[in-house]
Amino acid sequence: MSPAAVLPRIISLGTAHPPRSYTQQDLLDLFGCDDELIRRFFTSSHIERRYLVLPEPLADGTMPDEDGTQLLAKHRRVSLEIGRQAIERCLESSPYSVSELDFFACVSSTGFLCPGLTAYLIESTGMRDNIHRADILGMGCNAGMNGILTTSQYAAANPRSPALLLACEVCSAAYVFDMTVRTGVVNSLFGDAAAAALVVADETLTAADGPQLLGFESLIVHAARDEMRFELEHGKFSFYLGWEVPYLIGEHIRTPVLRLLERFGLKRRDISHWIVHSGGKKVVDAIRYNLGLTEHDVRHTRSVLRNYGNISSASILFSLAELGREGVVCEGDWGVLIAMGPGVSIETGLLSW
Amino acid sequence: MKLETIRVDRADGVATITLNRPDQGNAINVIMVRELEQLCNRLEDGAADRVVVLRGAGDAFCSGIDLRDFPPDAKPDVRGFSRWERACRTLERLPMVTIAAIDGECAGGGLQLALTCDARVATERASFSLHEVRDGFLPGMGTFRLAKFIGLGRARFMGLTGRRIEAAEALRLGMVDRLTPVVDFDDAVRATIAEFGAIHPDAIELTRRLFDESFEIPYEDFVGCFLAAQHRAIQTDAFKDLVRRAHQLDVPRPKDD
């Protein structure tokens, strides 16, 4: 009989964001927005501030128009900056040095570049030139989970080989704000941030080192595929978000979560920690009511939304880091990770400490 | 499941939980707390019952916590209270209708338990109190729940004096929903069950939760919660059938399980 497989653990997290943050009111003022409806989206979003990289206003006080080329360049520049910071912070609090990493996956949906971010970051952070790598592009907010899945599968298949995930989103490089309600909604929501997670399967690690990744369950709702998408407008990516998306996610959220729990013989009440993507107020409400979660269960989801906005694929790692900082997790606790995004896609994962 | 301090009888979709320590006024002890939570979890998982009725054995509903649970010469701690509240919360959030059927004394933790239910049916000889303050400790999460039923002023008066309230006054205050002579008690409980009519577990769970959260969430945020909950309710087969009937279309017959 072969010995039981060693499960991968997330043993360290690191987060970063650009230096400058804006309140919702700052942004309305900066873009000179006086449309009542759009102002309401901004002020009722449950977001206090977001970190963004915006150009300086012109002499007449208006915002310069950034063309597609400038936005792509900004994605690369900011990604490399905050990506490197997140990686360094993640490794600082781990027993591994950057040259010991064997696998590196990088997730982003807010810009396209070839060669991918991994090619730049391997050089700038000093990873080995024979590191295995994967760039996961264009999967949206749920991609943090797709990245965790990929990274943990590498780690599980290669015991004691440290694998690093970076979720890096420069949402201020993917915006069109033309004062329509559609772009107003989208622009009231997203922020820039990067988060790194170090995953390793090593039998000498314990719950004190970080949570084990036990399994994943995905759901893709084809009927709503076109409800969340990028469209190319005037050479820029403009995000389309259908009004019904939060409710559709709420309607389907039980399916993957209950399948995941059932596989491990668990009930919802067995889960002590819910790490839910900070998609926006409406979708968090929908998830809360459909899974029967309390405000306490989603406290980190709310605080990440309040302090950073929707930071797309990075947000669940931010929430997980907040949970770690809180210091309430006990050995034997179970946790569920939930991220949702275009597809429409719901990705879930089971953690245990 | 072997139970020592409570009894459960199940018939016609109704699970009757009887607090079963009649010699101690059905006082709540550590074992009862554990058994109550386990039983509620089992009822939730089974999803076979539409209604849960909670009552007391003998001539009391529940006289509160059993102080003999605290060891006489050890430093007391609050973990037991935490477990007790978790059991209350499990009962409060069951996806089925819950009815407290109260005869005799309903005091302290007993009243806390009754307040977690969807309805309270009491006999004319029932009495209610949160007496803990008189004894120098606190009336548990009754401090969270009672004022929502009877108003802040009355809750403070009742909880700070520890005074005993008779059934008729409890009805008037809104702590009790139906009053009945002792001889008609079982009929009154049955009538209350019948009053809940067709039971849609999703609709009950969501509506109850919205009512509860209405005290905590500002209007603007609450509207979002309501819409999320209503979206779930109108995706159910029950609602789809309702719409088909409104259009005078055939409704698919329910499958026999």
Side-chain angles (χ1 to χ4, degrees), chain A residues 39-47 185 221 223-224 227 242-255 257-258 261-262 265-272 276 279-299 301-302 305-306 328 330 340 344, chain B residues 34 36-47 79 82-83 85-96 141 144 200-237 239-240:
Chain A
R39 293 183 76 91
R40 217 164 49 227
F41 283 123
F42 273 70
T43 52
S44 66
S45 58
H46 284 230
I47 296 168
V185 171
V221 184
E227 291 298 306
W243 70 270
E244 219 188 351
V245 165
Y247 300 123
L248 285 168
I249 287 170
E251 185 183 334
H252 291 96
I253 192 76
R254 285 181 172 216
T255 306
V257 170
L258 297 186
L261 295 182
E262 201 175 318
L266 296 170
K267 301 281 177 190
R268 273 178 286 172
R269 61 175 173 269
D270 297 320
I271 304 304
S272 308
V276 181
K281 180 193 176 304
K282 272 190 188 174
V283 76
V284 177
D285 285 341
I287 287 177
R288 218 163 63 74
Y289 269 79
N290 281 282
L291 286 180
L293 306 186
T294 63
E295 269 304 311
H296 182 75
D297 290 328
V298 296
R299 64 198 180 283
T301 303
R302 298 272 197 219
L305 185 67
R306 191 165 55 242
V328 296
C330 299
M340 49 287 177
V344 164
Chain B
R34 191 181 62 228
L36 191 61
E37 187 182 352
Q38 284 174 348
L39 179 62
C40 286
N41 285 338
R42 209 178 55 155
L43 293 174
E44 182 179 347
D45 295 345
R79 278 180 300 184
S82 172
R83 286 186 206 110
E85 175 51 29
R86 199 174 63 200
C88 288
R89 190 67 167 165
T90 308
L91 177 68
E92 189 168 40
R93 296 187 70 175
L94 276 180
M96 43 200 66
M141 289 293 279
F144 183 79
H200 305 291
D202 279 353
I204 283 183
E205 199 184 330
L206 293 167
T207 304
R208 174 203 285 149
R209 185 159 176 196
L210 286 166
F211 276 128
D212 284 349
E213 294 196 348
S214 69
F215 285 85
E216 299 156 25
I217 302 181
Y219 175 83
E220 287 74 14
D221 295 344
F222 191 83
V223 172
C225 296
F226 156 68
L227 292 172
Q230 185 74 297
H231 179 88
R232 181 170 141 207
I234 61 178
Q235 308 309 315
T236 57
D237 288 341
F239 186 76
K240 285 172 193 154

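So you know, we letter chains A, B, ... as the sequences are listed, proteins then strands, and number each from 1. Not measured: the values here are computed from a predicted model.
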*Asks:* Which bit of A:E295 comes within less than 4.5 Å of chain B, counting heavy atoms only: side chain, backbone, both or neither?
*Replies:*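 Looking at A:E295, nothing touches chain B.
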*Asks:* Rounded to the nearest 0.5 Å, what separation is found between the CE atom of B:M141 and the CZ atom of B:R86?
*Replies:*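 The CE atom of B:M141 sits 14.0 Å away from the CZ atom of B:R86.
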*Asks:* Name the member of A:I287, A:L248, A:D285 that forms the most heavy-atom pairs with chain B at distances under 4.5 Å.
*Replies:* A:D285
*Asks:* Determine whether A:D297 and A:R288 satisfy the following criterion, salt bridge (charged side-chain N to carboxylate O under 4.0 Å, His left out), listing intermediate values before the conclusion.
*Replies:* CA-CA 9 Å; A:D297 290 328; A:R288 218 163 63 74; over 6 Å; no
*Asks:* Under 3.5 Å, side chain of B:D45 to main-chain N/O of B:R42, donor-acceptor pair present?
*Replies:*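 Pair absent, no side-chain N/O of B:D45 close to backbone of B:R42.
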*Asks:* With only heavy atoms counted, which part of B:I217 is less than 4.5 Å from chain A, the side chain, the backbone, both or neither?
*Replies:* side chain
*Asks:* Say whether, by atom type as modelled, one donor and one acceptor occur between the side chain of B:R93 and the main chain of A:G292 under 3.5 angstrom.
*Replies:*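 It does hold such a pair.
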*Asks:* Classify the side-chain pair A:N290/B:H231 by whether it contains a donor and acceptor separated by less than 3.5 Å.
*Replies:* no
*Asks:* Taking the side chain as every heavy atom from C-beta outward, state whether A:L258 and A:R268 have any pair of such atoms under 4.5 Å apart.
*Replies:*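 A:L258 vs A:R268: side chains touch.
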*Asks:* Based on non-hydrogen pairs under 4.5 Å, which of B:Q235, B:E220, B:R209 is most in contact with chain A?
*Replies:* B:R209
*Asks:* Looking at B:G224, B:C225, B:P95, which makes the most heavy-atom pairs under 4.5 Å with chain A?
*Replies:*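 Highest number of heavy-atom pairs under 4.5 Å: B:C225.
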*Asks:* With a 4.5 angstrom heavy-atom cut-off, which part of B:E216 approaches chain A: side chain, backbone, both or neither?
*Replies:*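 No part of B:E216 comes within 4.5 Å of chain A.
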*Asks:* Where does A:R254 contact chain B at under 4.5 Å (heavy atoms): side chain, backbone, both or neither?
*Replies:* side chain
